Peer 1: 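The structure's right below; bear with me while I get my questions together.
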Amino acid sequence: MDNACAVCHDHAPAEHYLCDACQYRMRSWLREITRQLPLLHAVLRPDTGPAQRGGSGRAHSPLPVDVRVLDLLGPGHVVPWIDAHGDQTGGVPLEPLLYGWARYITREIQVPSVRRDRHGTVWSQLCTDPWPHGGSNVPAWCAWLQAYLPYVARQSWAEAMYDQLEDVVNRIQQLTHTRPRSRPMDAPCPDCSAFGLQEREGEFHISCSVCSVRLTREQYDDYRAAIMPGLVRTALLMQAQQERTRQAAAA
Ligand SMILES: [Zn+2]
Ligand SMILES: [Zn+2]
């Protein structure tokens, strides 16, 4: 295989189908899903206003839950990943999606489970179902899948899992009206010199919004340490010059 990432076609490590940045993004999405769960539960029941007691006439019964959120949080069947791009993508709920991937990975890896009975005989059989720490729920599956991401990144189906996680995180963020935060960096872009470098939540790279140059955080820190003293000195000299010009004009 060549070492191009299946998602962004950037350079990927040897024997990998995902580059470091796309792996980082998947890990961030799994953390984000857990972080967003309380928000999803909060928007599940739209504010229907105070209960009307003692009213006369036929009671109006508004829909008690937001069905789009219920779609996501509700139960559902595990969808085989090869079918998930077909007609069934419409509303794969969160937990069956995560559990489906965990089960798929377990069966692919064929981890042996070993137990010893009371007579001391060792029994070994292949695991067919994953067992996360902390029970079977969304945060537990997110943690389980994060632990297996290094394995996932080496599989030809990694892109399918990437796409499905991206889709589900987009659905969640639309419902909770949240967006990844970004922060402008104080050093100018090393390529186009514009002040366009931004650190975006969940992204491996700091990137320039003007020319799309990308730097890892370590590269940015080294670059900033090298360039900023000179920039600050120049700015101070310019400020002093302006002050002298202003004083000369006032004299
Ligand atoms: Zn990539
Ligand atoms: Zn730039």
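Every number for a ligand or one of its atoms is a count from 1 in the order of the listing. These numbers were taken from a predicted model, which means no experiment stands behind them.
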Peer 1: Tell me the angle that SG of Cys189 and SG of Cys211 form around the Zn ion (ligand 2), rounded to 10°.
Peer 2: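 Roughly 100°, rounded to 10°.
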Peer 1: Charged N to carboxylate O under 4.0 angstrom, Arg154 versus Glu15?
Peer 2: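 Between Glu15 and Arg154 there is no salt bridge, as every charged N stays at least 4.0 Å from the carboxylate O atoms.
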Peer 1: When you compare the side chains of Arg171 and Gln174, does any donor N or O come within less than 3.5 Å of an acceptor on the partner?
Peer 2: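 Absent: no donor and acceptor within the cut-off.
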Peer 1: Under 3.5 Å, is there a donor-acceptor pair between the Gln36 and Thr176 side chains?
Peer 2: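 Yes.
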Peer 1: May I have the step-by-step check of salt bridge (Lys or Arg N to Asp or Glu O under 4.0 Å) for Arg183 and Glu199, ending in yes or no?
Peer 2: CA-CA 5 Å; Arg183 154 174 102 91; Glu199 182 179 51; 2.8 Å; yes
Peer 1: N/O/S of His9 less than 2.8 Å from the Zn ion (ligand 1)?
Peer 2: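 His9 does not place any N, O or S atom closer than 2.8 Å to the Zn ion (ligand 1).
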Peer 1: I need the SG(Cys208)-the Zn ion (ligand 2)-SG(Cys192) angle, rounded to 10 degrees.
Peer 2: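 It rounds to 110°.
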Peer 1: Rounding to 10°, state the angle centred on the Zn ion (ligand 1) that links SG in Cys8 with SG in Cys5.
Peer 2: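 It comes to 110°.
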